[in-house]
Amino acid sequence: MSPDHPPGLDLDRLRVLLDRERPGLVTGPLSGRLIEGGRSNLTYAVSDGAARWVVRRPPLGHVLATAHDMRREHRVINALHPTDVPVPRPVLLCEDEEVLGAPFYVMEFVEGTPFRTAEQLAPLGPERTRAAVLNLVDTLVGLHAVDPAEAGLADFGRPDGFLDRQLRRWAKQLDASRNRDLAGIDELHATLGRELPRSPAPTVVHGDYRLDNVLIGVENDEIRAILDWEMSTLGDPLTDLGLLAMYSSPLGLPDSPVSTTAQAPGHPAPAELIERYATRSGRDVSGVAWYTAFAWFKLAVILEGIHYRYTLGQTVGRGFDRIGDLVPVFIEHGLTTLQKG
């Protein structure tokens with residue numbers, strides 16, 4: 001297909017749907033392009049020459065509906081849009097697979113930059129980088145302050161036993177991709193299980209909260225929108241904080257295929273982010289080491305899964321041959337985090 005008609009996006013059928021469901025919204029011929037850098041779901045920018053929107057759908061081919069639930073993503077941004085949490089304005093949810101071959105939703109296009117690496121952040125300079133990352137914390141505090149019931153999300157998840165289920169889920173994922181010895185991984189999992197903390201009151205949890213899952217405004221470095229809600233649920237808010245702390249920790253690995261923004265000049269250290277969250281949210285974060293160690297464990301499992309697929313010849317592209325070398329590093333970070341407390 002041409003660049004204006006990427007696979008998985010039938011613009012003619014989309015136009016018919018939008019004209020029927022949102023009359024007058026589209027004023028000219030549609031063009032579309034795939035937005036690179038997304039996660040498992042596909043994201044497209046669509047324009048009629050005057051306005052732009054975003055279409056989000058599951059990957060092409062056979063997928064598990066529960067892993068790519070468009071209704072769930074649309075529901076959470078629809079619920080949060082009237083609040084102070086910055087999310088794109090939802091336009092339409094379509095569950096009719098005859099249109100694009102899978103359920104999808106349309107939302108407004110938000111201008112902004114998702115910063116994925118320290119190199120991308122560096123041109124902002126230390127002061128703007130610091131402000132952007134601290135805004136990331138403040139926005140997370142705002143998300144966790146939303147009352148799920150008031151937002152219509154009281155049944156959005158099962159917060160009872162949340163941490164135990166999370167730990168069992170990722171252990172199951174690990175078992176599914178075991179094909180080599182990984183020193184320390186079972187010790188890390190077992191220690192996390194023995195020291196399972198008692199969760200605070202549940203909140204809406206993003207599930208993958210980090211700098212490259214938000215859009216930063218060009219003019220004032222504010223958080224314009226939080227994206228990629230596919231892992232959101234009701235659960236323990238400190239899992240979001242632990243993940244953010246992990247992604248704010250330098251890996252110390254030059255030329256790593258997995259990077260964080262932590263080494264950008266001006267980037268606050270994890271301890272400062274944790275303290276800011278505690279001060280602004282009023283939550284007890286004394287047990288945050290567990291949540292950060294769990295984040296290291298979770299990413300180690302994800303990377304090991306990628307490495308396993310690489311050994312089977314199921315991945316293509318640069319860097320996959322080095323993913324396996326990173327897994328022991330993540331395991332060691334997790335163990336060290338628990339030991340230091």
Side-chain angles (χ1 to χ4, degrees), residues 21-22 41 53-54 56 65-66 68-95 103-110 112 134-166 169 197-211 213-217 222-245 273-288 291:
E21 300 295 332
R22 298 292 184 271
N41 291 323
W53 305 274
V54 168
R56 191 154 160 89
T66 54
H68 306 278
D69 191 340
M70 295 296 100
R71 174 187 288 195
R72 188 172 182 82
E73 281 196 42
H74 179 268
R75 181 185 175 188
V76 71
I77 66 169
N78 192 59
L80 292 175
H81 187 256
T83 74
D84 292 333
V85 178
V87 293
R89 179 178 59 85
V91 174
L92 175 143
L93 170 68
C94 177
E95 298 182 88
F104 67 94
Y105 67 92
V106 182
M107 58 185 172
E108 70 172 337
F109 183 96
V110 178
L134 293 180
N135 282 342
L136 190 66
V137 177
D138 296 345
T139 304
L140 184 62
V141 171
L143 169 63
H144 292 165
V146 171
D147 184 314
E150 289 184 5
L153 295 171
D155 61 344
F156 193 60
R158 294 183 296 134
D160 290 343
F162 176 75
L163 293 181
D164 180 60
R165 284 198 312 277
Q166 284 283 302
R169 171 191 174 186
R198 183 174 181 177
S199 293
T203 70
V204 178
V205 172
H206 181 272
D208 197 17
Y209 193 77
R210 49 183 160 153
L211 199 59
N213 273 342
V214 303
L215 295 175
I216 306 291
E222 68 177 355
I223 307 295
R224 298 290 313 281
I226 307 173
L227 307 176
D228 289 355
W229 290 89
E230 60 190 283
M231 298 179 74
S232 61
T233 187
L234 292 189
D236 189 324
L238 298 184
T239 54
D240 278 342
L241 180 62
L243 192 71
L244 182 58
L273 302 184
I274 293 166
E275 178 60 31
R276 188 178 182 95
Y277 178 90
T279 300
R280 302 220 165 189
S281 70
R283 286 191 174 85
D284 177 8
V285 299
S286 58
V288 73
Y291 296 90

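Note that the structure is predicted; figures quoted are calculated from it, not measured. As a basis for the values below, the full set of heavy atoms in this structure was taken, side chains included, without hydrogen atoms, waters or symmetry mates.
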**Prompt:** Which heavy-atom pair separates A201 from P237 by the least distance, and what is that distance?
**Reply:** O-CD, 3.8 Å
For residues 75-84, which side-chain donor-acceptor pairs fall under 3.5 Å, sequence neighbours excluded?
from : atom 1 : to   : atom 2 : distance (Å)
R75  : NH1    : D155 : OD1    : 3.4
R75  : NH2    : G152 : O      : 2.9
R75  : NH2    : D155 : OD1    : 2.4
T83  : OG1    : L80  : O      : 2.6
T83  : OG1    : V85  : N      : 3.1

**Spatial distance of atom CZ (R165) from atom CG (L163) [nearest 0.5 Å]** = 9.0 Å
**Item:** All ring pair (Phe, Tyr, Trp, His ring centres under 6.0 Å) counterparts of Y291, not counting sequence neighbours
**Value:** none
**Request:** Look at the side chain of N213 and the backbone N and O of D208, then say whether any donor-acceptor pair between them is shorter than 3.5 Å.
**Result:** yes
**Request:** To the nearest 0.5 Å, tell me how far F104 CZ sits from H74 NE2.
**Result:** 10.5 Å
**Asked** Would you call R158 and D160 a salt bridge, using N to O less than 4.0 angstrom?
**Response** no
**Any side-chain heavy-atom pair of L273 and L241 under 4.5 Å** = no
**Message:** Please report the interatomic distance CG(L227) to CD(E73), rounded to the nearest 0.5 Å.
**Reply:** 10.0 Å
**V288 vs L238 side-chain heavy atoms within contact, under 4.5 Å** = no
**Asked** If you take all heavy atoms of P148 and P202, which pair is closest and at what distance?
**Response** CG-O, 4.4 Å
**Item:** L92 vs R22, side chain to side chain contact (heavy atoms under 4.5 Å, CB included): CA-CA, chis, key distance, verdict
**Value:** CA-CA 8 Å; L92 175 143; R22 298 292 184 271; 4.3 Å; yes
**Set of side chain to side chain donor-acceptor pair (under 3.5 Å) partners for R72, sequence neighbours left out** = T233
**Request:** Calculate, to the nearest 0.5 Å, the distance between atoms CZ and CE belonging to R56 and M107 respectively.
**Result:** 6.5 Å
**Prompt:** Does S199 have any side chain to side chain donor-acceptor pair (under 3.5 Å) partners at least two apart in sequence or in another chain, and if so, which?
**Reply:** D236
**Message:** Counting C-beta onward and ignoring hydrogens, is there a side-chain heavy-atom pair between V106 and E21 closer than 4.5 Å?
**Reply:** no
**Message:** Would you compute the distance between atom CZ of R276 and atom CG of L140 and round it to the nearest 0.5 angstrom?
**Reply:** 12.0 Å
**Request:** Could you pull out all residues at least two apart from H144 that satisfy side chain to side chain donor-acceptor pair (under 3.5 Å)?
**Result:** D240, Y277
**Item:** Those residues that, when tested against R280, pass salt bridge (Lys or Arg N to Asp or Glu O under 4.0 Å) (two or more places apart)
**Value:** D138
**Request:** Without swapping roles, check the side chain of R224 against the backbone of V110 for a donor-acceptor pair under 3.5 Å.
**Result:** no
**Prompt:** Do the non-hydrogen side-chain atoms of V214 and T139 ever get within less than 4.5 Å of each other?
**Reply:** no
**Message:** Set out, in order, the CA-CA distance, both residues' side-chain angles and the distance that settles side chain to side chain contact (heavy atoms under 4.5 Å, CB included) for L234 and V204, then state yes or no.
**Reply:** CA-CA 5 Å; L234 292 189; V204 178; 3.9 Å; yes
**Message:** Working to the nearest 0.5 angstrom, can you tell me the gap between M231 CE and Y209 OH?
**Reply:** 16.0 Å
**Asked** Can you check whether R210 reaches L243 side chain to side chain, under 4.5 Å on heavy atoms?
**Response** no
**Residue pair L215 / I223, side-chain heavy-atom distance below 4.5 Å** = no
**Request:** Give the minimum heavy-atom separation between I226 and H206, together with the two atoms involved.
**Result:** CG2-CD2, 3.5 Å
